[in-house]
Chemist: 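Below is the structure I would like to discuss, written out as structure tokens.
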Protein chains: 2
Amino acid sequence: MSLFGEPLNTGGGGLNANVSERATLQPSLAISTVIFALKPDANGKVSIWMPLVRRTREPFKGQWALPGGPLHSDESLEDAARRNLQETTGIEPAYLEQLYAFGGLQRSHKKEIGAQRVVSIVYWALVKGDTAEFEERHNVQWQPADAQGSSNGQDAIQGSPLDLAFDHREIVDYALWRLRNKIEYSQVGYHFLGELFTLAQLREVHEAVLNKTLDKANFRRDILANKDLEETEHFLEGGRHRPPKLYRYTGPRGLGSPSRSTS
Amino acid sequence: MSLFGEPLNTGGGGLNANVSERATLQPSLAISTVIFALKPDANGKVSIWMPLVRRTREPFKGQWALPGGPLHSDESLEDAARRNLQETTGIEPAYLEQLYAFGGLQRSHKKEIGAQRVVSIVYWALVKGDTAEFEERHNVQWQPADAQGSSNGQDAIQGSPLDLAFDHREIVDYALWRLRNKIEYSQVGYHFLGELFTLAQLREVHEAVLNKTLDKANFRRDILANKDLEETEHFLEGGRHRPPKLYRYTGPRGLGSPSRSTS
DNA sequence: ATAATAGTGTCTCTTAGACACTATAGC
DNA sequence: GCTATAGTGTCTAAGAGACACTATTAT
């Protein structure tokens, strides 16, 4: 192949009728988004949930899938992911980052010979718990993100993860892995919370994400060692105990990872 | 940060005259690959180099760019990246991993109104130093990957990185960041070496990548703490000193990251 | 006072880094 | 023997985790 001067065609829907060679057929491009929120389950334990859409047609008709859609020509990849969120739930993301581009040959439904192959660029987002309410419809509902999430009494059995359409279970598991990894060395945890929060609330976020209890004293020490927390003069009152101090996050308002923000 | 340009040698423009509707125009999809090898520079110091291709047309005519090309409909994203490598250098990658999908609106060349927007999925690869020789042509040559790399006497001035076409400098910097990050907590370093190597050679790899000297004893302790190295009965003889034992890497032969290999 | 959680202090065990030491080849 | 690098031993300082302790509110 010559490295130069090879025309790209635009692929997709029937344009470029002048391009006939099979090898130049371009896979279509879509954006999907894994959206995480923390919500208490039936037992009151906080765990990770995500909004999913139910497929209304084959393949995988009736199964849950990630929100997604095509990339418009006048929006960035990140904008398309944000639009996914907006259109599915009406929620603004508190954090948004690219996850991975999936483009294996076996992603499309095997039975459909000649079905167009889809390359998906997947983002993951965090939304704040208190804004994470939207009108659930029959085809758009919160579901537990993993097996640790308790049953919603219908689709997911306690201890086994909800089965998803396409390769979306694998994608969600990878997004969970990234979230759990990232919360240990970065500041993503703040984005589940509002402007003011107590260290106990932040700890609860970390415990829910990591699914394990954390030592109160060590957590406090580690968190305060980072310089992106600011004490306020306010306290959360009303509990039957000493009122905890409220803190404010002052670090980068991370939409997109720092080094990749506009790409 | 602004991202300009397409990462590919797509020919730059004037094609696809039959496509007129802006809003329905699907961005085209391309694969580019950042290929790293370790090579001694003029001073004999080992540093990171990469093969680049020189653009033969506008935009950025004459400047160096990453190897890349369109995704064929019958190959996975990773296969396309491997094909980039093969076609540019004839080299087989020892390690290959997806880096990021770049799709900002400003990536296409601004002067060309209506030029097609390109979304690039970029991979990064490591190749072994001793196989990293290929016939350099006028338009395909090894270049220092960063400012630490010494001058090749022509294109890069000592201490300042080579200027690349489009947003490729930013992409390369991000790939370098990933490599340096990853070599500290994973096993990517082995992939620069052949089957048998001494710990001193492995340390030299790490030192070249991280651009700092490492303590011999501590490096040995840290490396041997990981269980993916195996002693052999062989020694490297011929030096004016005690012959070092040769080791063999027995960990995962990483093409693609473990959790993403087939997607 | 009691219950409950906020917040502090401190001990220990592990680990990262510095660095001194011994080993063994070629000359 | 000397030189050069291989390879080992060990001291120290910093950090992670466990956990006991004090502080302050509502009742």
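By convention in this document, chain letters (A, B, ...) are assigned in the order of the sequence lines, proteins followed by strands, and residues within each chain are numbered from 1. Worth saying up front: this structure is predicted, and the values here are computed from it rather than measured.
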Chemist: Using a 4.0 Å cut-off on heavy atoms, which residues in residues 212-222 of chain A reach DNA chain C? List them by number, or say none.
Modeler: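 Residues of residues 212-222 of chain A under 4.0 Å from DNA chain C: A/Lys216, A/Ala217, A/Arg220.
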Chemist: Side chains of residues 215-224 of chain A: which donor-acceptor partners sit under 3.5 Å, not counting sequence neighbours?
Modeler:
residue  : atom : partner  : partner atom : Å
A/Asp215 : OD2  : A/Ala217 : N            : 3.0
A/Asp215 : OD2  : A/Asn218 : N            : 2.8
A/Asp215 : OD2  : A/Asn218 : ND2          : 3.4
A/Asn218 : OD1  : A/Arg221 : NH2          : 2.9

Chemist: Taking only residues two or more places apart in sequence or in another chain, which ones pass ring-ring contact (aromatic ring centres under 6.0 Å, His included) with B/Phe36?
Modeler: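 Counting only residues at least two positions away or on another chain, B/Phe36 forms no ring-ring contact (aromatic ring centres under 6.0 Å, His included).
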Chemist: Could I get the full list of side-chain hydrogen bond (donor to acceptor under 3.5 Å, both in side chains) partners for A/Asp173, not counting sequence neighbours?
Modeler: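 Partners of A/Asp173 by the side-chain hydrogen bond (donor to acceptor under 3.5 Å, both in side chains) criterion, ordered by chain and then number, come out as A/Arg169.
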Chemist: Applying side chain to side chain contact (heavy atoms under 4.5 Å, CB included) to B/Leu236 and B/Gln201, what does each step give before you reach the verdict?
Modeler: CA-CA 11 Å; B/Leu236 181 61; B/Gln201 289 169 335; 4.0 Å; yes
Chemist: Listed in order of residue number, which residues of residues 226-242 of chain B have a non-hydrogen atom at under 4.0 Å from DNA chain D?
Modeler: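 Output list: B/Arg240, B/His241, B/Arg242.
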Chemist: Who passes side-chain hydrogen bond (donor to acceptor under 3.5 Å, both in side chains) against A/Ser32, sequence neighbours left out?
Modeler: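 A/Ser32 satisfies side-chain hydrogen bond (donor to acceptor under 3.5 Å, both in side chains) with no other residue.
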Chemist: Rounding to 10 degrees, work out the angle separating the end axes of the helix from C/dA1-D/dT27 to C/dC27-D/dG1 (five pairs an end).
Modeler: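 What I find for the helix from C/dA1-D/dT27 to C/dC27-D/dG1 is an axis angle of 10°.
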Chemist: One pair to check against ring pair (Phe, Tyr, Trp, His ring centres under 6.0 Å): A/Tyr249 and A/Phe197. What are the steps and the verdict?
Modeler: CA-CA 9 Å; A/Tyr249 174 61; A/Phe197 51 86; 7.8 Å; no
Chemist: For a 4.0 angstrom threshold against heavy atoms of chain B, report the outermost contacting nucleotides of DNA chain C in 5' to 3' order.
Modeler: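 From 5' to 3', the first and last contacting nucleotides are C/dA16 to C/dG26.
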Chemist: Please name all residues satisfying side-chain contact (heavy atoms from CB on, under 4.5 Å) with B/Glu184, sequence neighbours left out, ordered by chain then number.
Modeler: B/Leu210
Chemist: B/Thr232: what forms a side-chain contact (heavy atoms from CB on, under 4.5 Å) with it, not counting sequence neighbours?
Modeler: B/Leu196, B/His234, B/Leu246, B/Arg248
Chemist: Could you tell me which residues satisfy side-chain hydrogen bond (donor to acceptor under 3.5 Å, both in side chains) with A/Lys245, sequence neighbours excluded, listed by chain and number?
Modeler: A/Glu231
Chemist: By ring-ring contact (aromatic ring centres under 6.0 Å, His included), which residues pair with B/Tyr247, not counting sequence neighbours?
Modeler: none
Chemist: Could you tell me the separation between the CG atom of A/Leu199 and the C1' atom of D/dA23, rounded to a whole number of Å?
Modeler: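 It works out to 16 Å between those atoms.
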Chemist: By the definition side-chain contact (heavy atoms from CB on, under 4.5 Å), identify the one residue from B/Ile31, B/Val34, B/Leu99 that meets it with B/Tyr123.
Modeler: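 Output: one option passes, namely B/Ile31.
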Chemist: Any side-chain heavy atom of B/Leu162 sitting closer than 4.5 Å to one from B/Val172?
Modeler: no
